[in-house]
Structures are given as structure tokens and as C-alpha cells.
Amino acid sequence: MNKRQAKKKKTARRILAVSLFALLLWTIWGNTALMANTITIADSRIPAAFSGFRIAQISDLHNAEFGKDNAKLFKRLSECEPDIIAVTGDLVDMNHTDLDVAITFAQKAIRIAPVYYVTGNHEAHLPQYDALRDGLEAAGVILLDDKALQLEHDGAKITIAGLSDPDFRTRYDMFEETSAAGAAFKKQIHADQGYTILLSHRPELFESYVNCGADLVFSGHAHGGQFRLPFIGGLIAPNQGLFPKYDAGLYIDGDTQMVVSRGIGNSIIPVRFHNRPEIVLAVLQAGRQK
């Protein structure tokens with residue numbers, strides 16, 4: 001090998017080392033750079049009084065903390081100026097649970113806006129779930145597992161409902177749980193209840209939500225596909241496998257819209273790639289879907 005070839009090889013190694021180091025820094029930043037992502041939900045069934053109503057979604061926190069006592073998370077959440085906060089499961093992580101972090105989150109979030117919560121699969125496998133539930137209720141969080149309530153705003157009403165995670169009922173089976181989710185939702189909702197928002201952890205049950213007539217669904221669970229590839233999307237998600245169909249963003253089927261949050265924390269896979277943690281801010285708008 002002559003000197004010119006040796007110099008080129010050395011330069012190539014330096015470029016590779018610098019590139020890998022830059023990629024590492026970018027990945028670390030991307031795992032801690034919490035963002036708020038705004039989505040407009042337009043629907044002719046939304047009462048005019050609810051136009052501009054703001055729903056901040058927190059999903060898959062998994063006991064994550066951003067800044068001391070989650071200061072960065074609460075700053076972002078406050079900046080969203082939500083009318084309500086929807087928590088769509090996996091507030092804790094069954095593998096390294098810290099109930100104090102979860103309950104403290106609830107106590108602080110409730111000062112920003114009313115908090116509505118449904119469970120995820122991690123709560124379903126949590127030995128301390130009863131203590132978590134009691135702590136959330138004591139903080140003022142409204143638990144919507146298999147329940148429906150009326151939201152009132154400027155004299156108008158819409159319905160907000162929630163489904164408990166399937167793992168509370170049985171060993172997870174897609175076909176069984178599609179019908180079970182449908183039955184649970186239909187039991188809560190009646191045709192005369194107007195526009196209906198559903199909180200449910202599992203996006204892969206979208207077909208069931210559509211068949212049941214939910215107008216707007218908030219879901220999580222997929223973690224954005226964990227590793228997001230440019231122009232392709234998420235790589236893998238629980239209960240969906242490789243290249244999941246429902247990984248992040250807004251999905252529309254007929255009259256039903258579903259918002260899937262990329263979530264905030266991590267669980268089994270501790271690192272995200274090209275997939276910043278997010279708070280979703282959904283802004284309701286009376287009118288036709290865009």
C-alpha cells in the first residue's frame with residue numbers, strides 16, 4: 001500500500017468515526033427532545049361549541065422523566081393549553097415500576113387540566129395496580145376503563161369513553177379481542193349520545209372501533225414503531241409485528257378518526273431511532289374531515 005492509499009484509508013476511517021459519533025449524539029438527543037405535535041380533528045358531528053377544544057394526549061410514559069420531577073414534560077404540557085388531558089395507558093412500566101413517579105405525574109397534570117385515563121398492557125400485568133389506581137383516583141384523575149361520561153363545554157355535550165386493556169380480561173387474541181372491544185364499547189355508547197371520543201390503548205383494534213361507530217379514538221402502544229425509517233415509518237410494534245399498519249399519526253376509516261401517539265417513554269427496547277417522544281395535541285374543529 002502506497003502513502004496515497006494509506007492516507008485515503010485513514011481519512012475514510014476518520015470520516016466514518018465522526019459520522020458514527022454524530023449519529024450517536026443525534027440519537028441521544030432524539031430520545032430526550034420531547035416535542036408537541038398538533039393535529040386538527042375536523043368533523044361535522046363536533047358541536048360548534050367544541051370548535052377549538054384542545055385535547056393533550058399522553059401515552060406510554062413508562063415512568064420516564066424529562067428533567068427534575070418531569071419539569072420539561074410539564075412545561076410542554078402547559079404550553080399546549082389543553083382543555084383536557086387524555087392518558088392512554090402504560091403510565092408505568094411493569095419491569096421497573098415506580099408508583100411515586102406515576103402518581104406525582106397525575107398530581108401535577110391535574111393542575112393543568114382535567115385528566116382522563118385508561119389502562120395499558122403494563123398496568124394489566126402490574127402487581128401493584130390497585131395501589132396505582134387508588135393513587136390516581138386520589139389525585140383526581142378520572143378512570144375511564146369500560147366507562148363513558150359526558151363532557152360539557154359552553155352548553156354543548158360530547159361523550160368520552162374508555163376501554164380497559166384487553167390483558168385485564170384474557171390472554172390477548174386479536175380475533176377475540178376485536179369482538180370483545182366492540183361489545184364493551186357498544187355497552188357504553190348509545191346512538192343518541194352524539195359525538196363520541198374513545199380512549200383505548202391498542203391501535204391494532206381500529207377495525208373494531210370503526211365498526212362500533214366511535215368518532216374519534218386516541219391510542220398508543222406502538223411507540224411509533226420504535227425505530228422509524230425515512231419514507232417508510234415504524235419498524236416494529238407490539239401486536240402488529242414488522243412495519244406496523246398503525247404506528248403514529250392520524251388514521252381515517254369512514255366516519256372514524258384514530259390518533260396514534262408515538263408515546264413518550266421506552267420499555268423492552270430502551271432506545272428510539274428517528275422517533276422523538278411526543279405529546280399529541282388534538283384540536284377539535286366543527287366541519288367536514290380534511
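Because the structure is predicted, anything quoted here is derived from the model rather than measured.
Looking only at distances, a side-chain donor or acceptor of R76 sits under 3.5 Å from a matching main-chain atom of L34. In terms of modelled atom types and a separation under 3.5 Å, the side chain of N31 and the main chain of R272 share a donor-acceptor contact. Using a distance-only test at 3.5 Å, with no hydrogens or angles considered, no donor-acceptor pair links the side chain of R228 to the main chain of N275.
By the 4.5 Å heavy-atom criterion applied to side chains, I269 and H223 are not counted as neighbours. Side-chain atoms of L216 and V259, non-hydrogen and from C-beta on, do get closer than 4.5 Å to each other. A heavy-atom distance below 4.5 Å is not found between the side chains of F105 and E65. Contact check for M258 versus V260: side-chain heavy atoms found under the 4.5 Å cut-off. Between H62 and N95 there is no side-chain heavy-atom pair separated by less than 4.5 Å. With contacts defined as side-chain heavy-atom distances shorter than 4.5 Å, the pair I268/Q226 does not qualify. Side-chain contact between L143 and T119 is absent, with no heavy atoms from C-beta onward closer than 4.5 Å. Y246 places none of its side-chain heavy atoms less than 4.5 Å from the side chain of R202.
By the rule that hydrophobic residues join a cluster once side-chain heavy atoms approach within less than 4.5 Å of another member, L284 and I252 end up as members of one cluster. Note on Y195: it clusters hydrophobically with L250, by side-chain heavy-atom contacts below 4.5 Å among ILVMFWY residues.
For F74 and F66, the ring centers sit 6.0 Å or farther from each other.
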Item to check | D90 and H201: CA distance, side-chain angles, deciding distance, side-chain hydrogen bond (donor to acceptor under 3.5 Å, both in side chains) verdict | outcome: CA-CA 8 Å; D90 286 0; H201 186 61; 3.2 Å; yes
Anything under 3.5 Å between a donor and an acceptor, one on a side chain of residues 49-59, the other on a protein residue two or more places apart or in another chain? List them.
from	atom 1	to	atom 2	distance (Å)
S51	OG	A286	N	2.8
R54	NE	C80	O	2.9
R54	NE	E81	O	3.2
R54	NH2	C80	O	2.8
Q57	NE2	T88	OG1	3.0
Q57	NE2	S219	O	2.8
S59	OG	T88	O	3.4
S59	OG	T88	OG1	2.8

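Residues passing the salt bridge (charged side-chain N to carboxylate O under 4.0 Å, His left out) test with K245: none are found, sequence neighbours excluded.
Exactly one residue among D165, D145, L198 makes a side chain to side chain contact (heavy atoms under 4.5 Å, CB included) with V118. That residue is D145.
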